[in-house]
Amino acid sequence: MMLWSALLLAALVCYALKLAGLSVPDRVLQDPRVRKVAALLPVALLAALVVTQTFATGQQLTLDARVVGVGVAVVAVLLRAPFLAVVGLAAGAAALVRLLA
């Protein structure tokens with residue numbers, strides 16, 4: 001029962017946030033500062049997620065094969081490799097480090 005209550009509450013909160021977003025006046029959305037923040041926010045959130053998932057295990061800082069995988073992915077992106085190649089190279093590098101460690 002507790003799980004369903006939490007799920008229902010989460011659904012209601014998500015709906016309320018969506019409704020709040022739709023009720024924002026157009027003059028607010030046309031502000032250049034709001035447009036700039038809206039464009040940059042997804043990039044910042046994704047970067048924070050990648051850093052958290054790469055360097056943390058629970059509450060501890062961890063340096064392991066994931067760091068090598070992300071490093072290889074960054075290099076592949078800088079070299080403009082296709083997305084599947086980036087993912088494959090990163091996974092392969094992390095797997096190789098785990099195999100050798």
Side-chain angles (χ1 to χ4, degrees):
M1 182 64 177
M2 180 74 163
L3 175 67
W4 288 107
S5 298
L7 184 65
L8 183 61
L9 179 65
L12 289 172
V13 168
C14 287
Y15 183 74
L17 282 172
K18 179 101 172 165
L19 189 60
L22 291 173
S23 65
V24 173
D26 280 337
R27 63 180 169 77
V28 173
L29 297 176
Q30 298 304 324
D31 185 350
R33 293 172 296 185
V34 173
R35 287 178 162 265
K36 188 170 186 172
V37 168
L40 296 176
L41 198 58
V43 175
L45 290 173
L46 182 59
L49 179 64
V50 168
V51 168
T52 302
Q53 293 296 313
T54 301
F55 296 108
T57 301
Q59 299 264 334
Q60 296 179 342
L61 177 67
T62 305
L63 298 175
D64 58 8
R66 295 176 292 180
V67 176
V68 174
V70 170
V72 169
V74 167
V75 170
V77 166
L78 290 174
L79 294 174
R80 300 196 183 274
F83 177 73
L84 288 178
V86 171
V87 172
L89 288 168
L96 185 61
V97 169
R98 287 186 176 161
L99 179 70
L100 297 175

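Quick note: numbers below take in every heavy atom, side chains included, and nothing from hydrogens, waters or symmetry partners. Computed from a prediction, not measured in an experiment: that's the story for all the values here. Count residues from 1 along the sequence.
- Put simply, Leu22 and Val28 are part of two different groups of oily side chains (I, L, V, M, F, W, Y) that touch within less than 4.5 Å, one to the next.
- Arg66 and Thr57 get closest at one heavy-atom pair: NH2-OG1, 3.0 Å.
- Closest of all the heavy-atom pairs between Ala65 and Ala94 is CB-O, 3.4 Å.
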task = Would you check, one step at a time, whether the test side-chain contact (heavy atoms from CB on, under 4.5 Å) holds for Leu7 with Leu3?
result = CA-CA 6 Å; Leu7 184 65; Leu3 175 67; 5.5 Å; no
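- Atoms CG and CG, on Leu12 and Leu17 in that order, are 11.0 Å from each other to the nearest 0.5 Å.
- Here Leu63 sits in one hydrophobic cluster together with Val51, Phe55, Leu61, Val67; the rule is ILVMFWY side chains under 4.5 Å apart, joined directly or through other members.
- Residues Val72 and Val97 share a single hydrophobic cluster, defined by chaining ILVMFWY side chains whose heavy atoms lie under 4.5 Å apart.
- Nearest approach of Ala81 to Ala85, heavy atoms of both residues: CB-CB, 4.3 Å.
- Screening Leu79, Val75, Val77 for a side chain to side chain contact (heavy atoms under 4.5 Å, CB included) involving Val86 leaves a single residue, Val77.
- Remark: Asp31 CG to Asp26 CG distance equals 12.5 Å, nearest 0.5 Å.
- When all heavy atoms of Ala56 and Thr62 are compared, the closest pair comes out as C-OG1, 4.3 Å.
- Here Leu96 contributes atom CG and Arg98 contributes atom CZ; the two are 12.0 Å apart, rounded to the nearest 0.5 Å.
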